[in-house]
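Everything numeric in this text was worked out from a predicted model, so none of it was measured. Proteins get letters first, then strands, A, B, ... in listed order; numbering begins at 1 in each. Computed over heavy atoms, backbone and side chain alike; hydrogens, waters and symmetry mates excluded.
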Protein chains: 2
Amino acid sequence: MIVNKKQACQEALVHRILTLDIQPGSTLDETLLSEEYGLSRTPLREVFQKLAGDGYLMLNENRGTKVSSMDLTSMRNFFQSAPMIYAAVARLAAENAVGQQIEDLKHVQSLFRRAGEESETQDMAMHNHRFHRIIGEMAGNPYLSPSLNRLLIDHTRMSQMFYKPINSKERLLVWEACDQHDAMIEAIEKKDPGTIVNLTIKHWELSRDKIEKFVRPDPLDVDMGLQQAGE
Amino acid sequence: MIVNKKQACQEALVHRILTLDIQPGSTLDETLLSEEYGLSRTPLREVFQKLAGDGYLMLNENRGTKVSSMDLTSMRNFFQSAPMIYAAVARLAAENAVGQQIEDLKHVQSLFRRAGEESETQDMAMHNHRFHRIIGEMAGNPYLSPSLNRLLIDHTRMSQMFYKPINSKERLLVWEACDQHDAMIEAIEKKDPGTIVNLTIKHWELSRDKIEKFVRPDPLDVDMGLQQAGE
DNA sequence: ATAATACAAATTGTATACAATTACAATACA
DNA sequence: TGTATTGTAATTGTATACAATTTGTATTAT
């Protein structure tokens, strides 16, 4: 079996970045990684350039390569542009999707559902990522896809955080998201742009609320610390 | 004076691509260009990777790098997504622009107007390109800017074609576009998102009509070829 | 004459040595 | 004690030699 070491390295890095195995903002060591993936520095640097172009990494002249950070500004920009891009891409996907792509989407969705059933949160996030990238491919618009893909990078990295602790209440939300995926597939098959845009907005709002809930959880009872003293 | 050869090479290539000096779809010769810009192939290839990431070039494994093509599909996708992205970016620009950026924008606009007065069509296209990129920078949304910048690449390349032959009727359209730029600057200074979105749509429609007119010119008189024979 | 094959040339990809730059630590100085 | 300064180590950038792949051409067989 012939494998392309360079491509394997690239995919491995993408996976490690999306799963937060390599944290946002952390520096990548050329020498270390080139040894780890059995490449010399030249092709590894080309991988870096490619991943930087896709928005995974940031190259800083003479001072190394960092994983794209996720600070407050990024989050604000993310929430500002995600719904518009997601909706636009979904509409185009419904208009332009071809058979093979729909098959791929169904397959990834089945993997996503299974990961949900088995509470494999990391797999869930990755299959979800792939699901939405396929929708991007269906849209087939090279002017929009770079924006979509950048949004998905950060969306997936965020979801790694909030998928983790699943209580029974939150578990219901997972099934809801999963069912939305199914409905989206159906709308794409029927080439129904109106429906998929609505579904996409709902899907976005579900995810957004989940993120918001994670960032701003229910506050602790203000009396908590006072009970003993006050009682 | 210290110059960064690599960066100079990159900027030169961008300029040559945007001005159609290197045509869409044409292949780039690594050896030739590395000699031309006094670099070895390694850093030149890194420039290629960067420009490919920005949408100027396409890298094909083991079969060279080509300038991004502009075929019928690209055009369709372009017209489909440009208004949405332009409008969204303009709105964010009005909301987020800072003083220095507004100064830069005014300066580029003065260069654009002068180029128009002197009918330097190539300069016009390039200053116009810079004008709209600055608006992209003002928006400061890293999720949208890659889409905007890709649109601008192809928009500028198209405008190289249709700016060229300026008759007195078309000249008026140039002044109209120029005045729209001024109005846009004003709206940005006033932080007036509503106005700039409207202006941007109008500006887009003007440009779109111009492209359409170029692609589908007034047809020749159908009797032209028959006059002699029929008379 | 056409198609298939083999060989040569050109092009692209990778490894490695070397140069340039930055980061860090030790020392000198205020 | 705190701040410059210098030298050294580590990291990043570039050139070049070499390997792999593709492209073009000539030769052979059908």
Rounding to a whole Å, what distance do you find between Asn60(A):CG and dT11(D):C1'? 13 Å
Find the distance Leu44(B):CG to dG13(D):P and express it as a whole number of Å. 16 Å
So, does Ser40(B) get its side chain near the phosphate of dA15(D), meaning an N or O under 4.0 Å from OP1 or OP2? yes
Salt-bridge present (Asp154(A), Arg150(A); N to O < 4.0 Å): no
Is any side-chain N of the basic residue among Glu189(B) and Lys106(B) closer than 4.0 Å to the acidic one's carboxylate O? yes
Please check the phosphate of dT14(D) (OP1 and OP2 only) for any side-chain N or O of Lys6(B) closer than 4.0 Å. yes
Of Arg63(A) and Glu46(A), the one whose nearest nucleotide on DNA chain C sits closer to the 5' end is Glu46(A)
Can we say Arg16(A) and Glu36(A) salt-bridge, meaning some charged N sits less than 4.0 Å from an Asp/Glu carboxylate O? yes
Separation of atom CD in Gln10(A) from atom P in dG13(C), rounded to whole Å: 13 Å
Taking the inter-plane angle between the rings of Phe131(B) and His181(B) on a 0 to 90° scale, is it parallel (under 30°), tilted (30 to 60°) or perpendicular (over 60°)? parallel
Nearest-Å distance for atom pair CZ/C1', residues Phe48(B) and dT12(C): 11 Å
Kindly say if Arg45(B) contacts the phosphate of dG13(C), meaning a side-chain N or O under 4.0 Å from OP1 or OP2. yes
Between Glu61(A) (CD) and dT14(D) (C1'), how many Å, whole number? 13 Å
In this structure, how many angstroms lie between the C1' atom of dG13(C) and the CG atom of Asn62(B), rounded? 7 Å
Closest non-hydrogen atom pair, Gln101(B) against Asn96(B): OE1-O, 4.3 Å
Ignoring backbone atoms, test whether Arg41(B) places a side-chain nitrogen or oxygen under 4.0 Å from the OP1 or OP2 oxygen of dA15(D). no
Between atom NZ in Lys5(A) and atom P in dT14(C), what is the gap in whole Å? 9 Å
Any residue in residues 28-38 of chain A with a heavy atom nearer than 4.0 angstrom to DNA chain D? Just list them by number, or reply none. none
Assign the ring pair Tyr143(A) / Phe78(B) to parallel, tilted or perpendicular, where the plane angle (0 to 90°) is split at 30° and 60°. perpendicular
For Ile135(B) and Leu105(B), which heavy atoms make the closest approach, and how far apart are they? CG1-CD1, 4.1 Å
